[in-house]
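Input: a single structure, listed below in structure tokens.
So that the names make sense, note that chain A is the first sequence line, chain B the second, and so on, each numbered from 1. Fair warning: this is a prediction, and the values are worked out from it, not measured in the lab.
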2 protein chains.
Amino acid sequence: MSEQAIDLREKILDISRHMLYSEGHTSLSMRSIAKQVGVSATSIYLHFNNKDHLLHTLIEESVEELSRAIEEKVDDQQDVVAQFESIIQTYTEFALSHPEKYQIIYLVQPEAMARYPREKFRKARRCYELLVKVIEQGVRQGLMEEDDPVTAAYSIWAQLHGVISVVLNQRLDSRINKSHFIKKSIHHITEGFLIRTHVS
Amino acid sequence: MSEQAIDLREKILDISRHMLYSEGHTSLSMRSIAKQVGVSATSIYLHFNNKDHLLHTLIEESVEELSRAIEEKVDDQQDVVAQFESIIQTYTEFALSHPEKYQIIYLVQPEAMARYPREKFRKARRCYELLVKVIEQGVRQGLMEEDDPVTAAYSIWAQLHGVISVVLNQRLDSRINKSHFIKKSIHHITEGFLIRTHVS
DNA sequence: TCGTTTAGTTAACACTGTTAACCAAGCATT
DNA sequence: AATGCTTGGTTAACAGTGTTAACTAAACGA
């Protein structure tokens with residue numbers, strides 16, 4: 001594959017991601033992407049099998065970037081609680097500072113879920129596994145009371161995702177201050193998982 | 001409006017909701033609905049202005065039903081903690097036993113959010129206001145430590161929604177037992193909001 | 001020089017939401 | 001009884017969608 005071919009592929013991805021966020025996924029069409037890129041609609045099919053493939057690639061990119069961000073920030077020299085909070089913090093920061101990338105991860109709806117390739121699914125799990133490990137350490141050190149670390153990790157992630165997506169999807173009451181809402185929510189989520197003596 | 005007209009309207013809504021859940025929203029078209037109903041595509045436009053209007057009506061129905069379910073179950077004779085848990089329980093049960101109705105509520109994505117009528121938004125708030133009231137009572141009785149009940153109510157709801165939608169969207173690891181996951185998560189969410197002495 | 005690959009094109013197919021124009025039955029008024 | 005309005009539907013059409021097939025023009029290796 002030549003250089004300009006790679007460039008075009010990247011350009012398609014960049015513009016798609018941008019359009020997805022600014023225009024929404026309903027108005028995102030192969031033709032509109034092509035027009036923005038400055039190329040014919042069918043050219044996109046030289047780089048992606050179909051629209052699904054394009055979107056899946058975008059998802060994969062975002063998952064990869066989010067995972068990397070967390071892995072880079074978490075320092076296993078830190079104590080467990082600090083690692084725990086660091087993961088949650090980094091996850092939240094990524095979502096809020098790159099909403100277009102974060103939202104893409106959750107773009108695939110249940111019906112399309114079946115079509116999403118298994119191996120890409122496995123990659124997405126990398127994030128959780130780090131959290132699972134930290135929780136297992138915490139349990140061993142007696143900092144958390146948790147019989148099932150895997151369930152706990154997914155529960156934390158689900159709650160956090162709920163909080164973040166409510167903010168990003170603008171489902172919040174206008175009376176509520178967003179950053180206060182997030183800070184409060186994170187506090188409550190972590191509090192529920194750390195041993196009593198540590199917090200409040 | 002005659003009887004059979006109302007019947008057709010109801011039939012369109014029922015079949016749309018059913019198709020939305022079983023086939024997914026990508027393949028839901030006015031023509032496919034019409035075919036299932038046994039009528040021409042344009043007949044739907046006699047009852048709904050456009051596809052958006054149809055979907056918004058479905059959302060409104062679901063919100064209404066969920067609100068009613070909670071209002072019916074919550075008994076203000078109960079003590080505050082029981083009311084609190086009753087709301088969360090009823091919300092969860094509704095979502096799990098009527099996934100097609102629950103999911104419809106969160107169908108509208110951010111872009112379409114602007115188009116969703118304001119007065120329907122206000123109706124959707126009814127749910128939270130009940131929760132806000134309960135929290136305010138709890139604070140007065142010294143059962144909860146919460147400086148901002150509105151934020152707290154939305155935070156609880158966001159966390160709960162995160163947990164439920166992860167389950168319904170089948171984003172859970174196959175190793176995890178769903179009902180265990182939900183029970184654990186609800187426990188953690190409520191725990192975070194009740195005063196320490198009450199739990200564990 | 002001849003063939004093959006590469007990177008793109010245009011034309012077409014079947015589908016989408018939506019509108020305009022039409023039609024037939026029911027009903028009230030003249 | 002004839003007239004016109006309303007109700008509840010129809011068909012035909014338009015512009016836009018994902019996707020495919022067939023084509024072209026340039027670059028490159030034998």
*asked:* Regarding B:Ser43, tell me which of base, sugar-phosphate or nothing describes its non-hydrogen contacts under 4.0 Å with the strands shown.
replied: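 Here B:Ser43 touches the bases of the nucleic acid.
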*Which part of the nucleic acid, if any, lies within reach of B:Leu28 when heavy atoms closer than 4.0 Å are counted: base, sugar-phosphate only, or nothing?*
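Sugar-phosphate: the residue B:Leu28, judged by heavy atoms under 4.0 Å, touches backbone atoms but no base.
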_One pair to check against side-chain hydrogen bond (donor to acceptor under 3.5 Å, both in side chains): A:Tyr21 and A:His98. What are the steps and the verdict?_
CA-CA 10 Å; A:Tyr21 187 62; A:His98 307 96; over 6 Å; no
Could you go through nucleotides 20-26 of chain D and list every protein N or O atom that sits under 3.5 Å from one of its N or O atoms, giving the distance for each pair?
none

*Please check the phosphate of C:dG8 (OP1 and OP2 only) for any side-chain N or O of A:His47 closer than 4.0 Å.*
yes
How many Å lie between [atom1] on [X] and [atom2] on [N], as a whole number?
X	N	atom1	atom2	value
B:Leu54	C:dT16	CG	P	15 Å
B:Lys51	C:dT16	NZ	C1'	8 Å
B:Leu8	D:dG8	CG	C1'	9 Å
B:His25	C:dG17	NE2	C1'	15 Å

*Backbone N/O of A:His180 and side chain of A:Asn177: donor-acceptor pair under 3.5 Å*: yes
*Can you label the angle between the B:Tyr128 ring and the B:Trp157 ring as parallel, tilted or perpendicular, going by 30° and 60°?*
tilted
_Members of residues 30-40 of chain A that approach DNA chain C, where some heavy atom sits under 4.0 Å away_ = A:Arg31, A:Val39, A:Ser40
*Distance-only side-chain donor-acceptor flag, A:Ser155 / A:Gln159, under 3.5 Å*: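 The criterion, which ignores hydrogens and geometry beyond distance, is satisfied for A:Gln159 and A:Ser155.
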*Should B:Lys184 and A:Asp147 count as side-chain neighbours, where that means a heavy-atom distance under 4.5 Å?*
yes
*Proximity of B:Phe121 and B:Tyr116 rings by center, below 6.0 Å*: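 Close enough - the centres of the two rings lie under 6.0 Å apart.
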